[in-house]
Amino acid sequence: MDKLSVLMLGTGSPRPDLERAGSAQVLFIDSLPILIDCGEGTTAQLMKAGIAPEKVNHLWLTHLHSDHVLGYGQFLLGGWAMGRRKLTVVGPVGTKKFHETILGMFKEDIDYRTSLGRPSNGVLDVNVIEVDEAGKVECDLPANVTAEHMIHNVTTLAYRFDVGEKAVVFSGDTAPTPKLVELAKGADILIHDACLSTNVTYKNPSNPELQKIWTELQKEHCTPEQAGETAREAGVKQLILTHFLPNIDVEKAFCEAAEVFAGKVIVGKDLEKIEVK
Ligand SMILES: [Zn+2]
Ligand SMILES: [Zn+2]
């Protein structure tokens with residue numbers, strides 16, 4: 001029986017935060033690490049957790065917003081420097097262009113390093129798979145993966161990983177949607193966007209710019225309560241909230257979700273590991 005666990009690498013948002021790195025999680029199938037999103041600081045977070053970046057050969061991107069991909073350059077090139085020779089990247093349409101843009105930006109750098117004798121495998125031959133339609137994703141993982149489109153301001157995919165009888169679901173960034181309820185049906189763990197947790201940054205009514213952003217965010221993210229409702233309707237066992245702006249009220253986020261969802265609620269912290277029981 002495969003053991004499943006989730007490591008929260010980065011539980012932050014686009015706003016720089018010393019306590020929360022950019023969005024990233026690791027799903028472990030036994031000891032096989034699958035990186036989900038690659039926000040700023042991902043490579044350092046992997047190392048802090050004792051995971052060698054070069055041993056991570058699978059990356060799945062939910063979408064191409066900066067807070068989910070800013071760590072990709074370092075993950076790609078740093079991991080290659082440390083000896084990674086094989087990498088598969090799965091993501092929405094646009095992922096190939098994004099990857100090729102990074103390669104283009106650092107062409108001289110890569111050319112120099114290969115001229116010193118480093119093989120180009122692991123950087124110039126990355127297997128990039130774009131997911132266009134919802135449904136089963138063909139991949140070489142020991143899991144059945146299903147993708148579904150979420151509600152955000154760019155194309156965003158949620159992923160469900162089924163391994164034997166167990167399932168883990170990553171929402172990506174989204175407003176509430178019945179599609180996520182459907183995708184997460186009966187899952188053991190749902191990792192869910194709770195960007196709209198009460199926080200000090202957007203509590204200044206005298207700043208109209210922040211007010212406008214906060215209003216817009218309601219259309220493309222969730223409150224802890226909305227995350228809890230999705231977890232309840234889907235009948236998941238554990239709900240992990242993530243994607244927090246700086247200085248959220250952790251207790252309040254927990255209570256809001258726990259009030260509507262009777263299963264286990266975890267307000268995600270960087271480097272916290274959660275096992276599927
Ligand atoms: Zn986003
Ligand atoms: Zn985001």
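Note: hydrogens, waters and symmetry copies are ignored here, and every other heavy atom, side chains too, is used. Both ligands and their constituent atoms are indexed starting at 1 by order of listing. None of these values were measured; they are calculated from a predicted model.
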Using distance alone, with no hydrogens and no angle criterion, decide if H68 and D173 have a side-chain donor and acceptor under 3.5 Å apart.
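Yes, D173 and H68 have a side-chain donor paired with an acceptor closer than 3.5 Å.
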Taking the six-membered ring for Trp, are W60 and F170 closer than 6.0 Å centroid to centroid?
no
Run the side-chain contact (heavy atoms from CB on, under 4.5 Å) test against E182 and tell me which residues pass, sequence neighbours left out.
K185
Count the heavy atoms belonging to other residues, nucleotides or ligands that lie under 6.0 Å from CD of Q218, then report whether that count exceeds 12.
yes
Starting from the Zn ion (ligand 2), count all protein N, O or S atoms within a radius below 2.8 Å.
4
Kindly state each residue pair satisfying side-chain hydrogen bond (donor to acceptor under 3.5 Å, both in side chains) with at least one member in residues 83-106, sequence neighbours excluded.
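Those involving residues 83-106 are Y72-H99.
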Identify, with sequence neighbours excluded, every residue that meets salt bridge (charged side-chain N to carboxylate O under 4.0 Å, His left out) alongside K252.
E256
